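Everything on this sheet refers to the single structure shown next.
In what follows, every heavy atom counts, from backbone to side chain, and hydrogens, waters and symmetry copies are set aside. Computed from a predicted structure; not experimentally measured. Residue numbers begin at 1 in each chain, while the letters A, B, ... track the order of the sequences.
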Amino acid sequence: MPHLTHLATCTPPCTTRTWLSAPHPSLPLLATACADKTVRVYSLQNFRLESTIGGGHKRSIRSCAWKTAGRKEESVLGTGSFDASAGIWRRWEGSGGRRGREEEEGGGEVDFTTGGAGGVDGDEEEDGWRFAVILDGHDSEIKSLAFAPSAPLLATCSRDKSVWIWEELEDDNFETVAVLQEHEGDVKCVAWHPTEEVLASGSYDDTVRLWREDGDDWACCALLAGHEGTVWWVEFEDGNGIYALGEREELGGEQRAYVDVRLKAGARLISCSDDMTIRVWRRVPKERAALPAGQVKTASIWKNRDFEEEWVEEARLPQVHERPVYCVSWSRKTGRVASTGSDGKIVVYEERWRSADGVKNGGGNGDVSMAGGVTGPDMEDITAKKLHGSDGHTGGVTEWIVVAEIDNAHDVFEVNHVVWAPRADKGKRFEDEEVLVSTGDDGEVKIWTFDI
Amino acid sequence: MEADKDNANPTIINPSDLPSRRRSAPTAKRAGLFDALTPAYPSLVDASSSPEPSPSEASLSSDEETEDIDEQEVYDLISTISDPEHPLSLGSLGVVKLEDIAILPPTSPRSRISTVTVLVTPTTSACSLTTVIGLGVKVRLVNALPPRFRIDVRIKPGTSGTAGEVNKQLGDKERVAAAMENKSLLNVVNNMLATCE
């Protein structure tokens with residue numbers, strides 16, 4: 001029976017509430033947003049505090065995010081604060097800087113715990129971090145921010161009900177390219193699609209909205225309604241998420257059709273809410289109809305229809321949480337989902353083929369064998385109707401099951417955030433192993449291994 | 001006819017008619033698990049000298065607490081909060097009542113989380129004042145009760161048209177945390193809590 005095991009608690013812990021921890025895209029580091037107006041950077045190799053980023057914000061730091069695109073030699077961290085501003089911090093990680101990152105054979109460990117400022121503007125830096133830019137504009141607290149994976153864009157969102165999209169230009173210049181004001185309440189979270197320039201936002205108004213460019217302007221292309229409470233977190237799955245379902249020797253017609261639909265639809269979205277549910281949403285791929293001859297005038301109508309997207313609620317994860325769910329994390333490597341919230345539990349779920357037809361689920365190397373181009377009534381059903389998962393709804397081709405659960409993860413305190421991160425400490429057992437990082441009201445960042 | 005305040009003539013209950021516990025000794029300030037840490041919300045109160053517990057003491061006292069905190073204790077904590085409008089306490093105004101407090105024990109043997117639900121009866125129809133009163137009650141309880149309690153402050157059903165909006169705000173931990181970093185709001189709440197022991 002799989003279970004979560006407490007591996008370590010990052011030290012020293014924060015003395016105030018910690019909101020969120022973001023794993024660095026390539027280095028074994030974790031950035032934790034703290035209510036004491038700082039970000040603590042912990043090492044995932046030895047779980048000790050490596051550096052502290054402070055002095056840039058006047059109120060709690062609610063969120064932080066690493067830039068994933070860009071030069072590997074430079075770490076860029078965005079911070080979102082209750083003071084309504086976002087900060088951009090840079091640190092040179094290259095060989096000329098404060099630490100040389102040498103990959104030795106056998107995986108040499110780099111000791112990140114040595115302090116000391118360095119780099120180009122040594123006097124202005126703390127622990128090597130340079131406060132590059134402050135982004136003002138929001139009217140009230142920033143709740144979340146996210147860098148786009150493949151474009152020089154940053155999204156921020158706020159209690160002022162808006163989502164801002166910024167484009168990064170040269171020399172620490174960020175230009176506002178969009179101010180999106182269609183939510184009817186605080187916007188709690190933003191997340192970028194892994195492969196398309198599409199942004200998702202979750203709100204106090206109980207909805208999720210998707211945004212993308214319509215010509216030159218950003219606009220809302222989909223509204224996902226259904227939650228009965230504030231949507232606290234949204235996240236897309238990995239672009240190759242379909243492979244997490246595992247290898248199948250034989251896929252039935254319905255399953256092949258489903259795989260086809262999934263590949264056309266692209267990455268799905270997951271959301272969690274005050275209503276204690278976690279829902280998976282999938283795009284309904286469009287069948288492109290040819291323009292009827294002689295109807296050039298209606299081109300703009302077709303254009304609008306092309307812009308809007310339809311998304312359906314594909315599944316609801318089994319309900320385990322008894323209080324608001326604050327965060328979910330969809331593993332890029334395994335497709336597993338972890339969730340946490342006010343009840344202090346951490347729960348891990350997996351998606352499998354529903355075994356109703358008696359065929360066993362596959363494991364293994366993640367290849368999904370597909371038949372070519374299956375069409376017909378099966379696919380129509382799957383695209384058209386809502387499919388729900390294993391909480392009693394009908395028709396799901398796949399189902400979600402709980403594989404591990406832990407109570408009182410942070411003693412009696414609420415857990416605000418949970419995220420999968422690559423394992424980097426000495427106990428790492430295999431390539432691509434992940435740990436789970438939880439961040440709580442007790443000021444602690446805890447590391448968990450997932451043991452099968 | 002224009003009253004300066006929304007409710008110029010509230011019904012006032014005589015303090016001696018308010019529910020209280022007969023006790024010979026004054027309420028002992030119980031050491032919370034994390035008293036040594038900065039409290040969740042900054043507040044003027046809780047300045048009473050509580051000894052900083054060592055970890056073993058803290059876990060002992062939390063075991064005792066499982067028995068001790070009841071609805072009367074919660075009432076005692078909040079009934080002395082001042083109304084933001086009138087120089088009177090929420091208890092004597094009937095804004096908080098003993099029968100509108102409920103404590104739910106942990107839902108399963110593995111959970112240690114209890115829930116306190118407080119229903120607030122607003123004196124006015126002004127949504128903003130009702131929210132401030134609810135916020136005062138919430139902050140008071142979050143600071144005074146041990147962290148194993150989840151605190152739900154809600155407007156008593158049927159007493160206000162904007163109850164849903166107020167309830168949603170009070171239930172949003174992020175909003176409450178941000179509100180308590182807002183200096184003017186913090187001052188209002190601290191003034192309300194200044195009359196608490």
Do B/Thr107 and A/Arg323 pass the side-chain contact (heavy atoms from CB on, under 4.5 Å) test, and can you show the C-alpha distance, the side-chain angles, and the key distance before you say yes or no? CA-CA 11 Å; B/Thr107 50; A/Arg323 289 190 61 86; over 6 Å; no

Shortest non-hydrogen separation from B/Glu165 to A/Tyr204 and the atoms involved: O-OH, 4.2 Å

Could you tell me which of A/Lys345, A/Arg62, A/Glu322 has the largest number of non-hydrogen atom pairs under 4.5 Å with chain B? A/Arg62

Straight-line distance of B/Arg175 CZ to A/Ser140 OG, nearest 0.5 Å: 8.5 Å

For a quick test of reading the model, state the closest non-hydrogen atom pair linking A/Asp343 to B/Ile113 and the distance between them. O-CD1, 3.3 Å

Might you confirm whether atom CZ of A/Arg59 has over 12 heavy atoms from other residues, nucleotides or ligands at distances under 6.0 Å? yes

Please determine if A/Asp206 and B/Lys168 form a salt bridge, counting it only when a charged side-chain N lies under 4.0 Å from a carboxylate O. yes

Let me know if A/Asn416 has heavy atoms under 4.5 Å from chain B in its side chain, its backbone, both or neither. side chain

Atom pair NZ (B/Lys173) and CH2 (A/Trp232), whose distance is rounded to the nearest 0.5 Å: 8.0 Å

For the candidates A/Lys188, A/Arg159, A/Glu141, which exhibits the highest count of non-hydrogen atom pairs separated by less than 4.5 Å from chain B? A/Lys188

B/Arg148/A/Asp411 ion pair, N-O < 4.0 Å: no

Ion pair check, B/Arg150 and A/Glu414, cut-off under 4.0 Å: yes

Could you have a look at A/Asp36, A/Asp186, A/Thr230 and say which one has the most heavy-atom pairs with chain B under 4.5 angstrom? A/Asp186

